Number of protein chains: 2
Amino acid sequence: MRTLEHPSRGEMRLDTVLAALADPVRRTVACKLNDAFGDHACATFELPVSKSTATYHFRTLREAGVIRQEYEGTKIMNTLRKDDLDARFPGLLDAVFAAQKIEGAGA
Amino acid sequence: MRTLEHPSRGEMRLDTVLAALADPVRRTVACKLNDAFGDHACATFELPVSKSTATYHFRTLREAGVIRQEYEGTKIMNTLRKDDLDARFPGLLDAVFAAQKIEGAGA
DNA sequence: ACTGTACTACGAGGAATTTCGTACTACCAA
DNA sequence: TTGGTAGTACGAAATTCCTCGTAGTACAGT
């Protein structure tokens with residue numbers, strides 16, 4: 001059974017979380033996880049980058065503490081660590097997601 | 001009279017704002033502007049970098065729309081564009097500042 | 001056992017970021 | 001006008017980030 005390293009709540013660093021969310025590809029992933037219920041395999045995201053680049057972005061998000069990744073067979077299921085992030089940095093995630101929607105909609 | 005370029009509210013990009021705030025030196029500047037009243041010249045910040053590096057960070061913040069810079073004699077007065085940012089990306093700035101205080105205080 | 005699927009690890013290239021020193025400009029004050 | 005102060009512009013170096021292809025691992029299904 002393969003497992004992946006995740007930072008604990010206390011280990012999450014604001015630097016790292018903001019840098020993770022500053023990249024458009026990674027923010028797209030986080031936003032999709034926030035909008036949709038349940039878990040989602042990496043392959044279901046249709047990102048505009050190659051598979052190995054996608055791996056890199058998923059790892060960056062995981063190491064920042066933004067997402068949780070768990071093996072399920074050959075797939076990796078991704079979930080947003082909303083509870084943990086809300087506990088650590090209250091309101092941050094919601095503000096970023098709201099901002100993303102604003103920018104996506106208007107000018 | 002020298003003037004400096006600033007993005008309008010609508011021109012502010014989430015990518016750029018988050019990237020600007022992801023850097024610890026720049027976030028320190030923004031936080032200090034938020035805590036203290038009034039304007040503040042660049043030289044008053046005591047940043048752990050050289051003068052030319054400081055210039056670079058101030059410019060990055062200005063071009064992202066986080067701060068406003070206006071000449072006043074030979075000095076440049078810096079102000080946080082809180083109104084503009086709150087209008088464009090509501091709650092984002094407050095969440096980041098709150099997070100900064102949490103990280104500074106606790107673990 | 002074989003095939004396919006999902007993803008990773010590694011190495012490498014190119015782009016962007018951060019840093020600095022030096023030289024410079026603009027302004028104020030004496 | 002001479003000097004000091006505040007900050008910029010430029011070029012260069014170091015580092016980090018993003019991207020990819022190739023090769024490989026782990027698991028599921030037949």
Side-chain angles (χ1 to χ4, degrees), chain A residues 1-6 13-30 32-33 36 38-79, chain B residues 1-7 13-30 32-33 36 38-80:
Chain A
M1 193 53 159
R2 289 173 289 178
T3 55
L4 294 161
E5 287 273 314
H6 293 79
R13 300 265 289 103
L14 183 54
D15 277 19
T16 318
V17 171
L18 288 178
L21 295 174
D23 182 275
V25 173
R26 290 193 293 261
R27 206 164 54 244
T28 299
V29 169
K32 283 189 181 177
L33 285 176
D39 301 357
H40 298 275
C42 294
T44 66
F45 284 86
E46 301 181 24
L47 301 172
V49 291
S50 75
K51 206 157 58 154
S52 41
T53 301
T55 294
Y56 162 74
H57 285 303
F58 278 106
R59 185 174 59 234
T60 302
L61 284 167
R62 171 172 50 83
E63 288 175 349
V66 177
I67 65 172
R68 185 172 299 281
Q69 298 194 282
E70 281 166 309
Y71 274 101
E72 197 162 301
T74 82
K75 295 177 185 172
I76 288 184
M77 289 306 178
N78 299 282
T79 48
Chain B
M1 191 53 160
R2 290 172 288 179
T3 54
L4 295 160
E5 287 273 312
H6 292 80
R13 299 265 289 105
L14 184 53
D15 277 19
T16 317
V17 171
L18 287 178
L21 295 173
D23 182 274
V25 173
R26 291 192 293 261
R27 206 166 53 244
T28 298
V29 170
K32 283 188 182 176
L33 285 176
D39 299 359
H40 298 275
C42 294
T44 65
F45 284 87
E46 301 182 25
L47 301 173
V49 292
S50 75
K51 203 159 59 154
S52 41
T53 301
T55 294
Y56 161 74
H57 285 303
F58 279 106
R59 185 174 58 236
T60 303
L61 283 167
R62 170 171 51 81
E63 288 175 349
V66 177
I67 65 172
R68 185 172 300 280
Q69 297 194 283
E70 280 166 310
Y71 275 100
E72 198 162 301
T74 82
K75 295 178 185 173
I76 289 185
M77 288 307 178
N78 299 282
T79 48
L80 189 64

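Remember, it's a predicted structure, so these values are computed and weren't measured experimentally. In what follows, chains carry the letters A, B, and so on, assigned in the order in which the sequence lines appear, proteins first and then strands, with residues in each chain numbered from 1.
Of the residues in residues 14-21 of chain B, not one comes within less than 4.0 Å of DNA chain D through any heavy atom.
Judged purely by atom type and a 3.5 angstrom limit, Lys32(B) uses its side chain to pair as donor or acceptor with the backbone of Phe45(B). A donor-acceptor pair under 3.5 Å is absent between the side-chain atoms of Arg27(B) and the main chain of Ala20(B), judged by distance alone. For the pair Thr44(A) (side chain) and His40(A) (backbone), a donor-acceptor distance under 3.5 Å is absent. Of the possible polar contacts, none joining the Arg62(B) side chain to the Gln69(B) backbone as a donor-acceptor pair under 3.5 Å is found. Arg2(A) places no side-chain N or O within donor-acceptor distance of the main-chain N or O of Thr74(A), the cut-off being under 3.5 Å. Between the His57(A) side chain and the Thr55(A) main chain, no donor and acceptor come within less than 3.5 Å of each other.
Computed from coordinates, the Glu70(A) CD to dT8(C) P distance equals 14 Å when rounded to whole Å. Computed from coordinates, the Leu61(B) CG to dT18(C) P distance equals 11 Å when rounded to whole Å. In this structure, the CD atom of Glu63(B) is 15 Å from the C1' atom of dT18(C), given to the nearest Å. Rounded to a whole Å, the OH atom of Tyr56(A) is 6 Å from the P atom of dC17(D). Regarding Leu47(B), its CG atom lies at a distance of 15 Å from the P atom of dA6(D), rounded to whole Å. Rounded to a whole Å, the CZ atom of Arg27(B) is 16 Å from the C1' atom of dT18(C). Rounded to whole Å, atom P of dA26(D) lies 13 Å from atom CG of Leu4(A). Rounded to whole angstrom, the span from the CD atom of Glu72(A) across to the C1' atom of dA28(D) amounts to 13 Å.
Nearest-nucleotide mapping onto DNA chain D: of Pro48(A) and Gly73(A), the residue sitting toward the 5' end is Pro48(A).
Judged by distance alone, the side chains of Thr53(A) and Ser50(A) do bring a donor and an acceptor atom under 3.5 Å apart.
Side chains of Leu4(A) and Glu70(A) form no contact here, defined as non-hydrogen atoms less than 4.5 Å apart. You'll find the side chain of Phe58(A) stays beyond 4.5 Å of the side chain of Val66(A), heavy atoms only.
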*asked:* So if I define the base as every atom that isn't primed, P, OP1 or OP2, how would nucleotides 1-7 of chain C read as a B/S/- string at a heavy-atom cutoff under 4.0 Å?
replied: ----BSB
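Between His57(A) and dT19(D), a side-chain N or O to OP1/OP2 separation shorter than 4.0 Å is present. Applying the 4.0 Å criterion to OP1 and OP2 of dG7(D), one finds that Arg59(B) has every side-chain N and O outside that range. Listed pair Thr53(B) / dC20(C) meets the phosphate criterion, a side-chain N or O lying under 4.0 Å from OP1 or OP2.
Nucleic acid contact class of Phe58(B) (heavy atoms, under 4.0 Å, all strands): none. Within the nucleic acid shown, Val25(A) has no heavy atom closer than 4.0 Å to any nucleic acid atom.
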